[in-house]
Structures are given as structure tokens and as C-alpha cells.
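In this text the structure is predicted, and so the values were computed from the model without any measurement.
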Amino acid sequence: MKALANDTVLVVTATTTQEMEKRQEKRLRKRRKEERGMEEETEEKEEKEEERRGMRSGTRSWTERTREPFDIFILLAIFANCVALGVSKPFPEDDSNSTNHDLEQVEYVFLVIFTIETFLKILAYGLVMHPSSYIRNGWNLLDFVIVIVGPLQNLVLCSGLFLSLC
């Protein structure tokens, strides 16, 4: 009788374990289905978002279309500024020639271009508070400092102390 009871307990235990394993498998299958469903939903949402932004149809938003020519123009201006700096020939004791004088005038044009670029980017990205704001990018911070130093340098040089240099 005792052996029969032990066998019954083992059978019941085995059956219970098998049932528990089956339930776990069902739960796992259900979770996987739900995860696949969530993945499909996320993919559908992403596709809809891309279509909304016009990426699927080949069109780009206004900011994406204008950013590329703007960046190309600024890069060309940087290159031209480097060429202008390379062409200038410094003379001792503030002597100059007509080429250097013309290049100094061109420097003011570049200063205006880069100042406008800085202010447009600040308007587009925000100055500090937004996580992707202008100042939070290291290169933009360097650009900002350079653009601020340019007018300050001209202001100091053209002040009463150094008026003869202007």
C-alpha cells in the first residue's frame, strides 16, 4: 500500500511538473507573440513616422533641404578665408601693401558671414537650454568663441588706445 501511495505521489508530482512546464511554455509563447506584436507595432509606427517626414517618398523637410547648401556655403567661405590668410604677407612695423589692405577688407566680409552663420544656428538650435543646443556641441562652442573674439578684437583695436591701427 505504501509503494502504491509513493507511486501515486510520483505520478501526481510528474503530472503536475509536466503541467507546470506546459503552462510555462504557453506563457513563453504568449510573451514571444506579444513581443513580436510590439515589434511589429513599433516597426509600423517607425514606417508611418518616416512617411510623415517624407523620407520614404524621397522628399526631405525644409530644414534638411536648406541645411546642405548652407553648410556648403559656409565650408566654401572657410576655405576662401584660409586662402586669404595664406596670401597675405605681413610686413614689419605695420607696413603694408595694397594686397594686404584689400585682404583686411575681405576679412570684414568673412567676419560678417561667420557672425550671421552663428546667429542663424543659435536661432535654429537654441543657445544653451535644449539638449542639442548650439553651445552644447564642442565645435559650435569653438566657433562661437572665435566669432565673438573677432568683433571684440576690432572693437579694442579701433578704440581710443589703438585708433592709429584702424
Visitor: Can you hop from Leu76 to Val109 via hydrophobic side chains spaced under 4.5 Å?
Guide: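 Leu76 does not cluster with Val109.
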
Visitor: Just how far is it from atom CG of Asp102 to atom OG of Ser88, taken to the nearest 0.5 Å?
Guide: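 It is 12.0 Å, given to the nearest 0.5 Å.
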
Visitor: Once rounded to the nearest 0.5 Å, what's the spacing between atom CG of Leu127 and atom CZ of Phe119?
Guide: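 So the CG of Leu127 and the CZ of Phe119 are separated by 10.0 Å.
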
Visitor: Report yes if some heavy atom in the side chain of Ile113 is under 4.5 Å from a heavy atom in the side chain of Phe73; otherwise report no.
Guide: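 SC-SC contact between Ile113 and Phe73 confirmed.
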
Visitor: Give, for atom CD of Gln24 and atom CZ of Arg29, the distance between the pair rounded to the nearest 0.5 Å.
Guide: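 If I round to the nearest 0.5 Å, the distance is 12.0 Å.
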
Visitor: How close do Arg136 and Pro131 get, counting heavy atoms only, and between which atoms?
Guide: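 That would be CD-O, 3.6 Å.
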
Visitor: Between Asn140 and Ile135, is any pair of side-chain heavy atoms under 4.5 Å apart?
Guide: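 They are not in contact (no side-chain heavy atoms under 4.5 Å apart), so the answer is no.
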
Visitor: Asp143: which residues meet the side chain to side chain donor-acceptor pair (under 3.5 Å) condition with it, sequence neighbours left out?
Guide: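 Partners of Asp143 by the side chain to side chain donor-acceptor pair (under 3.5 Å) criterion, ordered by chain and then number, come out as Tyr134.
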
Visitor: Would you check if the side chain of Asn100 reaches a backbone N or O of Lys89 as a donor-acceptor pair within less than 3.5 Å?
Guide: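 Yes.
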
Visitor: Tell me, do Phe110 and Ile78 make a side-chain contact under 4.5 Å, heavy atoms counted?
Guide: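 SC-SC contact between Phe110 and Ile78 ruled out.
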
Visitor: Linking I/L/V/M/F/W/Y whenever any side-chain heavy atoms sit under 4.5 Å apart, do Phe114 and Val106 land together?
Guide: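 Per the 4.5 Å side-chain linkage, Phe114 and Val106 are co-clustered.
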
Visitor: Is Val147 reachable from Val112 through a run of hydrophobic residues whose side-chain heavy atoms are each under 4.5 Å from the next?
Guide: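 Yes, one cluster joins them.
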
Visitor: Tell me whether Trp139 shares a hydrophobic cluster with Ile146, the cluster being built from Ile, Leu, Val, Met, Phe, Trp, Tyr side chains joined at under 4.5 Å.
Guide: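 Trp139 clusters together with Ile146.
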
Visitor: Return the CD to NZ distance between Glu25 and Lys22, rounded to the nearest 0.5 Å.
Guide: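 Rounded to the nearest 0.5 Å, the CD-NZ separation comes out at 9.0 Å.
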
Visitor: Leu111 and Val145: same hydrophobic cluster, using ILVMFWY side-chain contacts below 4.5 Å?
Guide: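 Leu111 does not cluster with Val145.
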
Visitor: Does any part of the side chain of Tyr125, heavy atoms only, come nearer than 4.5 Å to the side chain of Asn137, both counted from C-beta?
Guide: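 Side-chain contact under 4.5 Å: no.
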
Visitor: Closest heavy-atom contact between Val128 and Ser133?
Guide: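 Looks like O-OG, 3.0 Å.
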
Visitor: First locate atom CD1 of Ile148, then atom OG1 of Thr118, and finally report the distance between them rounded to the nearest 0.5 Å.
Guide: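 Answer for the CD1-OG1 pair, Ile148 versus Thr118, is 7.5 Å.
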
Visitor: Distance from His101 atom NE2 to Gln105 atom CD, nearest 0.5 Å?
Guide: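 Reported value, rounded in 0.5 Å steps: 4.5 Å.
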
Visitor: Among Asp71, Ile74, Ile122, which residue meets the side-chain contact (heavy atoms from CB on, under 4.5 Å) test with Glu117?
Guide: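 Only one of Asp71, Ile74, Ile122 forms a side-chain contact (heavy atoms from CB on, under 4.5 Å) with Glu117, namely Ile74.
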
